[in-house]
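Worksheet: the structure to be examined is printed underneath.
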Protein chains: 2
Amino acid sequence: MTTGDDAGPIIQLGASERLGARPALTARELADLIGVSQSTVSRAFSKGTSVSPKTRAFVLEQAEKLGYRPNVIASFLSRRASSIVGVVTADFTSPVYIDMLDRLSVRMQELDIHPLLFNLQAGAEAGDQLAVLRQYNIETVIVISGRISHMSVARWAADGRKVILMNRDIPDAAIGSVRCDNSASSLVADHLWEIGLRRVAFVGGPESSAVSAEREQAFVRRVAELGMILCGREGGREYSHQSGFDGTRAVMASRPEAILYATDRLAIGGLDALSWSGGLSVPGDVSIVGFDNIDMACWPGIQLTTVHHDVPRIVDGAIELLQQIQNGREGPRKHLVKGGLVVRATTGPAKA
Amino acid sequence: MTTGDDAGPIIQLGASERLGARPALTARELADLIGVSQSTVSRAFSKGTSVSPKTRAFVLEQAEKLGYRPNVIASFLSRRASSIVGVVTADFTSPVYIDMLDRLSVRMQELDIHPLLFNLQAGAEAGDQLAVLRQYNIETVIVISGRISHMSVARWAADGRKVILMNRDIPDAAIGSVRCDNSASSLVADHLWEIGLRRVAFVGGPESSAVSAEREQAFVRRVAELGMILCGREGGREYSHQSGFDGTRAVMASRPEAILYATDRLAIGGLDALSWSGGLSVPGDVSIVGFDNIDMACWPGIQLTTVHHDVPRIVDGAIELLQQIQNGREGPRKHLVKGGLVVRATTGPAKA
DNA sequence: TTGTAAGCGTTATCAC
DNA sequence: GTGATAACGCTTACAA
């Protein structure tokens, strides 16, 4: 019953609910109530401590009944560490990053790890964030953004924070990362070849974008191997619809039969330039291909051929890394998640 | 230099950076170092305490120099309250809610208030969250979602948490809220009347959605006042593109000259059904109007006529409320932010 | 105005 | 395996 904006009228609260404002039970109080020492209560709640299974079960049961839950703030202070994880974002306009944040935050909650959100504006200083990380005793930081500088990441790591990078990597650094295999764009070249297209172009994101560069590189290499012609190439200032639109208009001067875009958003900008606003037929006049397989890609009126970016698996990888770090096992690891080509309706043989 | 995914190579860290792993300075250490008492340091950092301006300035200056920052965890424990604010979300697929989260989190950071993200899945229990709010000593919760039940909100409030609702309200409850004026949909009726359209229809969100209901109501009332004909009405299970697509197909049976949708996303689904996939002309065959004025609404190939939803001002309102609450001033307040009609290219006279 | 000292609710180090 | 007791780094009476 939690769908829609309005899940019913205000419901009268029972007596126990009303008492909520009373301060929460402390370990000491629970201990006194059930006749054990306060440290026993503490031990019952932390794993890897020496309590008899019987006592632990008893304490946990009573705690449940009386509504006791350890105060994490006190625990953080005492342990000089917190289970809060910093989640750093900067690209709320990117559907892929939003999807990652969505799934990641849900998964974290299931594990009782809570994300403190650091939404960095362009130009925010890494140092400022570092101070906050320290203030909160935050040990682990997950970066879901391509816009945070390597420098910032390096500083956090140098300060002893564990960093997990999503969708990017710092090659020779001992920093965990989980990302999709951008070289899958080579599959696009194969596909275009198979349907008989020879003149191809690439429309990318910002020049400084590693993601765009990797996707371009793998595509261009395979294009060359197959003996196809790379007739055009455009980059943008950003990963926006307008960028894809403008890039497409520009690259059409080279008369390509197909265009690969660094992301679906750019590709949809291209579809707009060509078809919605341009009066051309896709794929009749030109084929287009995206990368990421965002929700929009399968809208009835879009049906974009694209490379699948497996966000759920990337999130799984990040969660796995997170747990390894929190359990103190192993060092940083690099995950690379494969994606595959999804052929829809924006690619096909050229019109006769 | 923080645009693009890759902001340069790893930079060698200076000596002071490398030492970062050394534990942060405490108030006691700073106090000893600069020759004041620890409580003086504490006072210098909290406003409304009795310290001479001179001492405060001195302490703050030295703290800055030596890199001291109060540990907020200890502060939370001592104050039995935390400046962490819970931000509750559930609709990561809604551009408007994402935009709110984006802007809100940035504004909060500027104020040194940090958002702990609670991303609730459909069906998540309010009680579970409440336990976590207590564990973190969280006093204030901002709800950016229509899908969290009134019941949950009421329970948090009954437990003594301050709640700020964004984009919704619980009418007779003493709970703060900031939302857009959904009755602005009446402006749509006026606009359609002026361009000579008489048969209109409405495509809404889930039946349980208060937002959809309010937008529909104001529209329908004005339509009646103007003597226009409401010839059709469809609701969906959700606020998705597909819902808008399907709802449009259904409502076209009543041959409307114009359709108002509860949101832009639904309207774009409608545009897809009519134009991209349907071969009809918009606005030649039928005019369509959305609500929210999301980014997509102004894409070259969309140019959707819509009602502006002023997210920045709504966020301003929420921040204002937040500060009032944190300063202990005043009780809950209700803000209503006006929007206006944005006429673009999807409305116009019917084809001759 | 400033310093001293007693919490805040945990964890961790001791003995037993 | 369990119970006292000392941190953890702050805030806040209470004294000076």
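Chain letters run A, B, ... following the sequence lines, proteins first, then strands; residues in each count from 1.
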[atom1] of [X] versus [atom2] of [N]: gap in Å, rounded?
X: B:Gln135; N: C:dG9; atom1: CD; atom2: C1'; value: 12 Å
X: B:Tyr136; N: C:dT10; atom1: OH; atom2: P; value: 14 Å
X: A:Ile73; N: C:dT11; atom1: CD1; atom2: C1'; value: 15 Å
X: A:Phe76; N: C:dA12; atom1: CZ; atom2: C1'; value: 17 Å

Legend entry - Side-chain N,O (A:Tyr68) to OP1/OP2 (C:dT10) below 4.0 Å: yes

Inset, instruction - Inspect the contact between A:Asp99 and A:Arg103 and indicate whether a charged nitrogen and a carboxylate oxygen are less than 4.0 angstrom apart. - result: yes

Inset, instruction - Report yes if the side chains of A:Leu117 and B:Val87 come closer than 4.5 Å at any heavy-atom pair, otherwise no. - result: no

Examine distances only and state if a side-chain atom of [X] and a backbone atom of [Y] form a donor-acceptor pair shorter than 3.5 Å.
X: A:Thr49; Y: A:Ser46; result: yes
X: B:Lys334; Y: B:Ile175; result: yes
X: A:Asn71; Y: A:Ile73; result: yes

Legend entry - Partner set under salt bridge (charged side-chain N to carboxylate O under 4.0 Å, His left out) for B:Glu64, not counting sequence neighbours: none

Inset, instruction - Could you tell me whether the side chains of B:Ser39 and B:Ser42 share a donor-acceptor contact shorter than 3.5 Å? - result: no

Inset, instruction - State whether a side-chain donor-acceptor pair under 3.5 Å links B:Ser75 with B:Ser78. - result: no

Inset, instruction - Estimate the overall bend of the helix from C:dT1-D:dA16 to C:dC16-D:dG1 from the end axes over five pairs each, rounded to 10 degrees. - result: 40°

Legend entry - Verdict with supporting geometry, B:Val88 and B:Trp156, side-chain contact (heavy atoms from CB on, under 4.5 Å): CA-CA 12 Å; B:Val88 179; B:Trp156 297 334; 4.0 Å; yes

Legend entry - Nearest-nucleotide 5' precedence on DNA chain C, B:Gly35 against B:Leu77: B:Gly35

Legend entry - DNA chain C: 5'-proximal contact among A:Ser75 and B:Val36 (nearest heavy atom): B:Val36

Legend entry - Test side-chain hydrogen bond (donor to acceptor under 3.5 Å, both in side chains) applied to A:Asp169 and A:Ser177, step by step: CA-CA 6 Å; A:Asp169 186 36; A:Ser177 74; 3.0 Å; yes

Inset, instruction - Return the residues of residues 44-54 of chain B meeting this criterion: a heavy atom under 4.0 Å from some atom of DNA chain C. Order them by number, or give none. - result: B:Ser50, B:Val51, B:Ser52

Legend entry - side chain to side chain donor-acceptor pair (under 3.5 Å) against A:Thr140, all qualifying residues, sequence neighbours excluded: none

Inset, instruction - Begin with the C-alpha distance, continue with both residues' side-chain angles, and end with the deciding distance and a verdict on side-chain hydrogen bond (donor to acceptor under 3.5 Å, both in side chains) for A:Ser105 and B:Asn119. - result: CA-CA 6 Å; A:Ser105 52; B:Asn119 185 11; 2.9 Å; yes

Inset, instruction - Considering only heavy atoms of chain B and a distance under 4.0 Å, specify the first and last nucleotide of DNA chain D in 5' to 3' order that meet this criterion. - result: D:dG9 to D:dA13

Inset, instruction - Looking at every strand, decide which applies to B:Thr26 at a 4.0 Å heavy-atom threshold: base, sugar-phosphate, or nothing. - result: sugar-phosphate

Which protein N or O atoms sit under 3.5 Å from an N or O of nucleotides 4-7 of chain C?
from, atom 1, to, atom 2, distance (Å)
C:dT4, O4, B:Ser39, OG, 3.1
C:dG7, N2, B:Ser78, OG, 3.1

Legend entry - Criterion side-chain hydrogen bond (donor to acceptor under 3.5 Å, both in side chains) on A:Thr55 and A:Ser52, from CA distance to verdict: CA-CA 5 Å; A:Thr55 330; A:Ser52 76; 2.3 Å; yes

